[in-house]
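So that we are looking at the same thing, I have put the structure below in structure tokens.
Values in this document were obtained by computation on a predicted structure and should not be read as measured data.
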Amino acid sequence: MARATLAADPLEVAPFLLGKLLVHGRREARIVEVEAYRGESDPASHAYRGRTARNATMFGRAGLLYVYFTYGMHWCANVVCGEQGAAGAVLLRALEPVAGLEEMTAARAARRRPGSALRERDLCRGPGNLTVALGITKQHDGVDLCDPASPVRLLDDGAPVVEAGRVASGPRVGIKRAIDVEWRFWVAGSRYVS
DNA sequence: CTTTGGATCGTCT
DNA sequence: GACGATCCAAAGG
């Protein structure tokens, strides 16, 4: 995907990312839910108090993958956006599985109680779940999603979402600061949103 | 369907 | 030393 389209305000990039494809090997999934984090001007952002070892990738160029660890057991994936040094990012919250469903199911099942039911709609539902399904971990922090040689990539197959008027929005979840703004975006009507 | 408690550890105060 | 950009399963309605 073109890097130039990501070098903008996270509030613009977030809805634009809906419908795009995240690819890792044979595993492919379509983005259906995201949240915008505006960096140093956003009290809920990891970058609000400036640059640290953990959030360093957020300060890099647009198109990088920012992966962080939280709650002692979950990895979350973000698309870095904005101008160089702006520390904007878009958190991926839910994806619609497209290809490699067997690999995704195996990866998810390995972390669950044996025999518990796992439906297709839940494979990539939730920020901590989609990274497991796609096999994204700390080692992918800083990977360039726009580089054809990268293991993890962002592709645009032209599926219309914004163009079709299918964008819904609401407050971000799981945060305690800046809960008044509606910076969470999802594909209206999609059963894969969280 | 909703609510609730437990798991688990890197990061920053 | 406290707290997360969370998830799961069990229990109750």
Side-chain angles (χ1 to χ4, degrees), chain A residues 6 9-15 17-18 22 29 31-60 62 64-82 86-97 104-143 145 152 154 168-186 191-194:
Chain A
L6 302 176
D9 190 306
L11 285 184
E12 285 181 38
V13 177
L17 284 175
L18 296 175
L22 186 65
I31 299 171
V32 297
E33 182 183 351
V34 298
E35 281 177 0
Y37 285 88
R38 241 179 175 174
E40 291 165 296
S41 64
D42 179 0
S45 170
H46 288 167
Y48 184 55
R49 299 185 191 284
R51 182 175 183 144
T52 66
R54 172 176 71 159
N55 67 25
T57 300
M58 287 185 79
F59 289 82
L64 297 187
L65 179 66
Y66 167 48
V67 181
Y68 69 88
F69 184 68
T70 191
Y71 290 109
M73 63 192 92
H74 298 297
W75 296 99
C76 296
N78 300 249
V79 176
V80 173
C81 53
V90 175
L91 171 70
L92 305 182
R93 287 199 57 87
L95 314 172
E96 172 182 344
M104 294 181 187
T105 302
R108 289 294 315 285
R111 297 193 157 222
R112 295 164 59 90
R113 175 167 281 183
S116 67
L118 179 55
R119 293 180 294 182
E120 186 231 345
R121 89 171 270 203
D122 293 323
L123 273 183
C124 303
R125 195 184 201 200
N129 289 333
L130 68 89
T131 55
V132 171
L134 275 267
I136 293 171
T137 62
K138 180 181 187 64
Q139 73 178 35
H140 297 110
D141 181 42
V143 157
L145 296 168
V152 185
L154 204 48
S169 64
R172 295 177 292 185
V173 294
I175 57 173
K176 292 181 176 168
R177 294 178 290 262
I179 56 177
D180 53 313
V181 293
E182 302 197 332
W183 291 356
R184 176 183 178 215
F185 304 89
W186 64 90
R191 70 177 183 284
Y192 296 95
V193 305
S194 69

Heavy-atom nearest nucleotide on DNA chain C taken for A:R93 and for A:P114; more 5' hit belongs to A:R93
Once side-chain contact (heavy atoms from CB on, under 4.5 Å) is applied, do any residues pair with A:R121, and if so which ones, sequence neighbours excluded? A:R125, A:Y192
Non-hydrogen atoms of A:H140 and A:L65 that approach each other most closely: O-CD2, 3.6 Å
Just the endpoints, please: which first and last nucleotides of DNA chain C, 5' to 3', lie under 4.0 Å from a heavy atom of chain A? C:dG4 to C:dA10
Measure the spacing between CG of A:L95 and CG of A:L123 and express it to the nearest 0.5 Å. 10.5 Å
Looking at residues at least two apart in the chain, or sitting in another chain, which of them share a ring-ring contact (aromatic ring centres under 6.0 Å, His included) with A:Y68? A:H46, A:Y66
Kindly give the heavy-atom pair with the smallest separation between A:L134 and A:C124, and that separation in Å. CD2-SG, 4.0 Å
Quick one: salt bridge (charged side-chain N to carboxylate O under 4.0 Å, His left out) partners of A:E35, sequence neighbours excluded? A:R93
Spatial distance of atom CG (A:L145) from atom CG (A:L17) [nearest 0.5 Å]: 9.5 Å
What pairs of donor and acceptor atoms, side-chain ones from residues 109-116 of chain A against any protein atom, are under 3.5 angstrom apart with sequence neighbours left out?
residue, atom, partner, partner atom, Å
A:R112, NE, A:S116, OG, 3.4
A:R112, NH2, A:S116, OG, 3.4
A:R112, NH2, A:A117, O, 2.9
A:S116, OG, A:R113, O, 2.9

With pairs defined as Watson-Crick or G-U wobble and both distances under 3.5 angstrom, please note down DNA chain C as a dot-bracket string, | for pairing with another strand. ||||.|||||||.
Summary of salt bridge (charged side-chain N to carboxylate O under 4.0 Å, His left out) pairs that have at least one residue in residues 42-58 of chain A, sequence neighbours excluded: A:D42-A:R172
For A:P171, side-chain contact (heavy atoms from CB on, under 4.5 Å) partners two or more places apart: A:E182
The criterion is salt bridge (charged side-chain N to carboxylate O under 4.0 Å, His left out); which residues satisfy it with A:R119, sequence neighbours excluded? A:D122
In chain order, what residues pass the salt bridge (charged side-chain N to carboxylate O under 4.0 Å, His left out) check against A:D141, with sequence neighbours excluded? none
Sugar-phosphate only, base, or nothing, as touched by A:N129 at under 4.0 Å among non-hydrogen atoms: sugar-phosphate
If you take any heavy atom closer than 4.0 Å to DNA chain C, which residues from residues 116-127 of chain A end up in contact? A:S116, A:G126, A:P127
Under 4.0 Å between any heavy atoms, over every strand shown, what does A:R177 touch: base, sugar-phosphate, or nothing? Just pick one. nothing
What pair of heavy atoms forms the shortest contact from A:E33 to A:S194, and how long is it? OE1-N, 2.6 Å
Base versus backbone protein contacts along nucleotides 4-13 of chain B [heavy-atom cut-off under 4.0 Å; B, S, -]: ---BBBSSSS
With rounding to whole Å, what would you report as the distance between C:dC3 and B:dG6 at their C1' atoms? 16 Å
Any base atoms under 4.0 Å from A:I175, or only sugar-phosphate, or nothing? Heavy atoms, all strands. sugar-phosphate
